Number of protein chains: 2
Amino acid sequence: MIDPGFGVSIPRLYAYHRALQQAAAEGKSTITSHSLAALLGQTIAPTQIRKDLCALGAHGRRGHGYAVKPLRGHLAWVLGLERDWRIAVVGFGYLGHAFATFITARETRFSVVSLFDRSPHVVGQVWQGVRVRDVAQLQRVLRGTPCDIGVIAVPSQAAQDVAELLAASGVRAILNFAPTTLQMRATQTPVVVRNIDLAGELSILTHRLSVGSMPAVEEA
Amino acid sequence: MIDPGFGVSIPRLYAYHRALQQAAAEGKSTITSHSLAALLGQTIAPTQIRKDLCALGAHGRRGHGYAVKPLRGHLAWVLGLERDWRIAVVGFGYLGHAFATFITARETRFSVVSLFDRSPHVVGQVWQGVRVRDVAQLQRVLRGTPCDIGVIAVPSQAAQDVAELLAASGVRAILNFAPTTLQMRATQTPVVVRNIDLAGELSILTHRLSVGSMPAVEEA
DNA sequence: AAATGTGAAGAGGTTCACAGCG
DNA sequence: CGCTGTGAACCTCTTCACATTT
């Protein structure tokens with residue numbers, strides 16, 4: 001079973017995964033729920049960690065803790081990080097460029113295999129062996145070389161059209177940086193959408209600053 | 001009272017704010033909880049919206065809906081978006097550059113007033129009238145021209161140091177793009193931290209794709 | 001009639017306390 | 001003795017149903 005079921009949040013599992021990578025890099029072969037919590041800056045209680053891991057079927061040794069390597073592997077499996085994912089980035093401005101560069105440098109299982117833009121100044125550029133194509137060709141190109149995930153890094157006005165184009169091209173998931181609500185009508189194979197709103201993230205901070213007090217740290 | 005209290009989530013309030021901007025741009029002067037929900041792609045139930053707004057003290061007219069303009073103003077006030085905020089971006093690689101450009105173009109109340117980098121190739125560059133300084137000078141520069149918010153767009157290894165530097169320089173909030181848990185020790189004036197983990201956002205999608213089914217849309 | 005406002009029910013997620021192993 | 005595993009209490013957030021107002 002891949003789906004952890006209920007009571008387990010994916011962002012938390014990813015945080016564990018990242019912390020375990022760090023622990024492994026530091027040479028630790030075993031880790032307790034308590035020390036894992038410390039690695040996460042005490043944002044998650046040890047009990048919560050144990051509940052999550054237990055629900056995943058990842059068991060530790062009482063009195064000792066969890067074996068780092070198999071646990072990390074198990075989490076990677078649950079998160080879908082044990083296979084390769086093909087990504088198409090639409091909108092190759094600063095943001096698209098930054099995303100492609102960042103994700104390529106850091107995660108080997110994610111490969112950016114298609115780039116699209118509308119501007120004639122950008123179309124035709126080559127980035128790490130990938131040529132930027134015109135958005136008008138998106139559907140045709142993706143028909144030839146399918147992608148799992150589409151990243152929308154275009155201005156808000158264009159985002160909805162791009163989303164529909166991506167959905168029509170067989171993309172199954174969309175990461176949207178445009179500050180718009182994408183209206184996805186239900187299709188046969190549903191498209192999973194996740195939004196990253198940079199201005200929205202900032203407002204969370206400004207709200208906190210306006211209120212002025214409250215706990216010191218917050219997790220994303 | 002600025003703090004909405006409890007049961008009200010800030011991301012949701014920001015979503016309302018954005019939807020109301022859109023409604024205002026479309027010329028609507030009044031809006032119902034139901035049509036607001038439609039603008040948000042039905043991700044939030046009308047009842048939820050009413051509860052939230054009511055908790056904020058924003059009242060509508062029964063039988064008609066809410067007045068767009070004052071409601072938007074009220075939300076902006078609660079979110080802290082009615083004053084200007086000074087931002088320092090640390091790490092002026094692709095990501096820092098993209099963030100600065102994006103936020104400057106889109107939000108007038110956020111101004112990027114300081115840029116820092118470590119690389120001699122980048123230090124000295126001028127972006128929209130702002131000269132990129134060496135990170136070594138961060139504390140000195142910010143002493144002269146204080147900032148409210150620091151954005152960390154440096155590699156993971158450097159993130160912790162930068163965070164401490166920012167905290168020591170009077171920054172009250174941090175937006176962190178580095179995939180690391182920042183260990184903030186409690187200070188007199190607490191520093192609010194918010195993390196944006198791009199690889200983490202992708203894993204949420206890959207997890208969903210691995211599981212394979214489930215509802216069509218998800219909100220960030 | 002058409003919406004809002006709101007107490008009450010419900011669901012979901014978190015913490016507690018402690019039993020169970022190594 | 002140390003740490004995991006887990007049912008039960010707890011708490012927060014969401015949804016429902018309906019009274020209320022224009």
Side-chain angles (χ1 to χ4, degrees), chain A residues 3-16 19-20 23 28-68 70-72 74-75 204 214-215 217-220, chain B residues 3-16 19-20 23 28-68 70-72 74-75 204 214-215 217-220:
Chain A
D3 192 1
F6 314 97
V8 185
S9 87
I10 308 306
R12 225 156 49 211
L13 295 189
Y14 183 79
Y16 301 159
L20 286 168
K28 316 207 166 180
S29 64
T30 190
I31 194 169
T32 68
S33 59
H34 192 271
S35 56
L36 220 181
L39 274 182
L40 296 170
Q42 312 289 356
T43 47
I44 303 174
T47 312
Q48 180 75 71
I49 295 175
R50 293 202 296 276
K51 262 259 157 74
D52 288 343
L53 297 184
C54 188
L56 286 181
H59 290 259
R61 284 196 193 127
R62 307 189 186 210
H64 293 73
Y66 301 85
V68 171
L71 181 54
R72 193 174 87 69
H74 194 124
L75 283 168
I204 291 171
M214 305 294 109
V217 188
E218 168 77 1
E219 179 70 10
Chain B
D3 191 0
F6 314 97
V8 183
S9 87
I10 307 305
R12 224 156 49 212
L13 295 190
Y14 183 79
Y16 301 159
L20 286 169
K28 317 208 165 178
S29 65
T30 190
I31 194 169
T32 69
S33 58
H34 191 271
S35 56
L36 221 179
L39 274 183
L40 296 169
Q42 311 290 356
T43 47
I44 304 175
T47 313
Q48 181 74 74
I49 295 174
R50 292 202 297 275
K51 263 256 156 76
D52 288 342
L53 297 184
C54 187
L56 287 182
H59 290 260
R61 284 196 194 128
R62 306 190 186 210
H64 293 75
Y66 301 85
V68 172
L71 182 54
R72 194 174 86 70
H74 194 125
L75 284 168
I204 291 172
M214 305 295 110
V217 188
E218 167 76 1
E219 180 70 10

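On a predicted model such as this, the values are computed, not experimentally measured, just so you know. Every chain is numbered from 1, with letters handed out A, B, ... down the list of sequences.
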Original post:
Nucleotide by nucleotide, 5' to 3', does protein get under 4.0 Å of the base (B), only the sugar-phosphate (S), or neither (-) in nucleotides 16-22 of chain C, counting heavy atoms?
Top reply: B---BBS
Original post:
Any side-chain heavy atom of I49(A) within less than 4.5 Å of one from Y16(A)?
Top reply: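 I49(A) reaches Y16(A) side chain to side chain.
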Subject >> L36(B) and Y66(B), any side-chain heavy atoms less than 4.5 Å apart >> reply: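 A side-chain contact is absent here, since even the closest heavy-atom pair is not under 4.5 Å.
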**OP:** Find the bend of the helix from dA1(C)-dT22(D) to dG22(C)-dC1(D) as the angle between its two terminal axes (five pairs each), to the nearest 10°.
**Re:**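 Comparing the axis at each end, I get an angle of 10°.
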**OP:** Remember a base hit wins even if backbone is also touched, and classify H34(B) as base, sugar-phosphate or nothing at under 4.0 Å, heavy atoms.
**Re:**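 Counting heavy atoms under 4.0 Å across all strands, no contact is made by H34(B).
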Original post:
Using a cut-off of 4.0 Å on non-hydrogen atoms, how would the nucleic acid contact of S33(A) be classed: base, sugar-phosphate, or nothing?
Top reply: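 The residue S33(A) makes sugar-phosphate contact but no base contact.
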Interatomic distance where [atom1] belongs to [X] and [atom2] belongs to [N] [whole Å]:
X      : N       : atom1 : atom2 : value
Y66(B) : dT22(D) : OH    : P     : 14 Å
D52(B) : dT15(D) : CG    : P     : 11 Å
L71(B) : dT4(C)  : CG    : P     : 11 Å
I44(A) : dT14(C) : CD1   : P     : 9 Å
Q42(B) : dT14(D) : CD    : C1'   : 16 Å
I49(A) : dG5(D)  : CD1   : P     : 12 Å
Y16(B) : dT4(C)  : OH    : C1'   : 14 Å
L13(A) : dG13(C) : CG    : P     : 12 Å

Subject >> Phosphate OP1/OP2 of dG5(D) contacted by H59(A) side-chain N/O (<4.0 Å) >> reply: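 H59(A) to dG5(D) OP1/OP2: side-chain N or O found under 4.0 Å.
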From [X] [atom1] over to [Y] [atom2], what is the distance, rounded to the nearest 0.5 angstrom?
X      : Y      : atom1 : atom2 : value
T30(A) : R61(A) : OG1   : CZ    : 8.0 Å
I44(A) : S33(A) : CD1   : OG    : 11.5 Å
L75(B) : L53(B) : CG    : CG    : 6.5 Å
R50(B) : D52(B) : CZ    : CG    : 11.0 Å
I31(B) : L39(B) : CD1   : CG    : 5.0 Å

Original post:
Which residues satisfy the side chain to side chain contact (heavy atoms under 4.5 Å, CB included) test with T32(A), sequence neighbours excluded?
Top reply: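 With sequence neighbours excluded, T32(A) shows a side chain to side chain contact (heavy atoms under 4.5 Å, CB included) to H34(A), S35(A), given in chain and number order.
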Original post:
Pick the nucleotide of DNA chain C nearest each of Q48(A) and L53(B); which residue has the one closer to the 5' end?
Top reply: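 Result: L53(B).
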**OP:** Please report the closest heavy-atom contact between L71(B) and A58(B), naming both atoms and the distance.
**Re:**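 The answer is CD1-CB, 3.5 Å.
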